[in-house]
Amino acid sequence: MLFSEVTSEDSYIVTGYESGRVGINQIAHSRSLIVRPHELRTDWPVESIEQLGVDHLQAILDAPPEVLLIGTGTVQQFPDRAVWRHLRSQGLGVEIMDTAAACRTYNLIMAEGRDVAAALIING
């Protein structure tokens, strides 16, 4: 796993990615998680896009970010239409992409100082 140097002790930054693992502040995680600049939830129970329900995203929607990224694993897949419709009705930007792209995009948006959340499905 390639890691980059953590540049802020006050923020959660994606520091590496490979299939089956995501590095957050140089700590490898092999289970799905939600990351925001000042919050990390490592107990997110979603293991595949097929499992994703609105209830899995409620913690994010209770304090909505400007942009929500959903990393769907090794390939881009879209969630159930009901989930997608609900997310689009919330008035926030939603981007669905593979987890590697979501990791890169999270860091870019965070570096711009924008409010971003990434729900990352990690699968091997």
Whether T72 side chain and Q77 backbone form a donor-acceptor pair below 3.5 Å: yes

Steps toward side chain to side chain contact (heavy atoms under 4.5 Å, CB included) verdict (D98, T74): CA-CA 6 Å; D98 65 71; T74 55; over 6 Å; no

Taking every non-hydrogen atom, the tightest pair across S48 and V46: O-CG1, 3.2 Å

Linked, directly or transitively: F78 and I49 (ILVMFWY side chains, under 4.5 Å): yes

same_hphob_cluster(I109, V14) at 4.5 Å side-chain heavy-atom cutoff: yes

Interatomic distance, Y12 atom OH to I34 atom CD1 [nearest 0.5 angstrom]: 13.5 Å

Less than 3.5 Å apart, which donor and acceptor atoms pair up between the side chains of residues 36-45 and the rest of the protein, not counting sequence neighbours?
unit_1, atom_1, unit_2, atom_2, d
R36, NH1, A63, O, 2.8
R36, NH2, A63, O, 2.9
H38, ND1, D10, O, 2.9
E39, OE2, R41, NE, 2.7
E39, OE2, R41, NH2, 3.3
W44, NE1, H56, O, 2.8

Contact check, side chains of L57 and L52, non-hydrogen atoms, under 4.5 Å: yes

Same cluster (ILVMFWY, side-chain, under 4.5 Å), L68 and V35: no

Contact summary for G53 and V83, nearest pair of heavy atoms: CA-CG2, 3.9 Å

Residue E95 excluded, over 12 heavy atoms near CD under 6.0 Å: no

Joint cluster assignment, Y17 & V75, ILVMFWY side-chain distance < 4.5 Å: no

Nearest-0.5 Å distance that lies between atom SG in C103 and atom CD in E18: 11.5 Å

I24 side chain near I27 side chain, heavy-atom distance below 4.5 Å: no

Partners passing side chain to side chain contact (heavy atoms under 4.5 Å, CB included) against Q90 (at least two apart in sequence or in another chain): L61, H86, L92

Spatial distance of atom OG1 (T15) from atom CG (N107) [nearest 0.5 Å]: 8.5 Å

Atom of I96, atom of P79 and distance for their closest heavy-atom approach: CD1-CD, 4.1 Å

Heavy-atom closest contact (M97 atom, T105 atom, distance): SD-OG1, 3.6 Å

Donor-acceptor pairs under 3.5 Å, side chain of residues 110-122 to any protein atom, not counting sequence neighbours: which ones?
unit_1, atom_1, unit_2, atom_2, d
E112, OE1, R114, NH1, 3.0
R114, NE, E66, OE2, 3.0
R114, NH2, E66, OE2, 3.2

Exam field: side chain N25 to backbone I13, donor-acceptor pair closer than 3.5 Å: yes

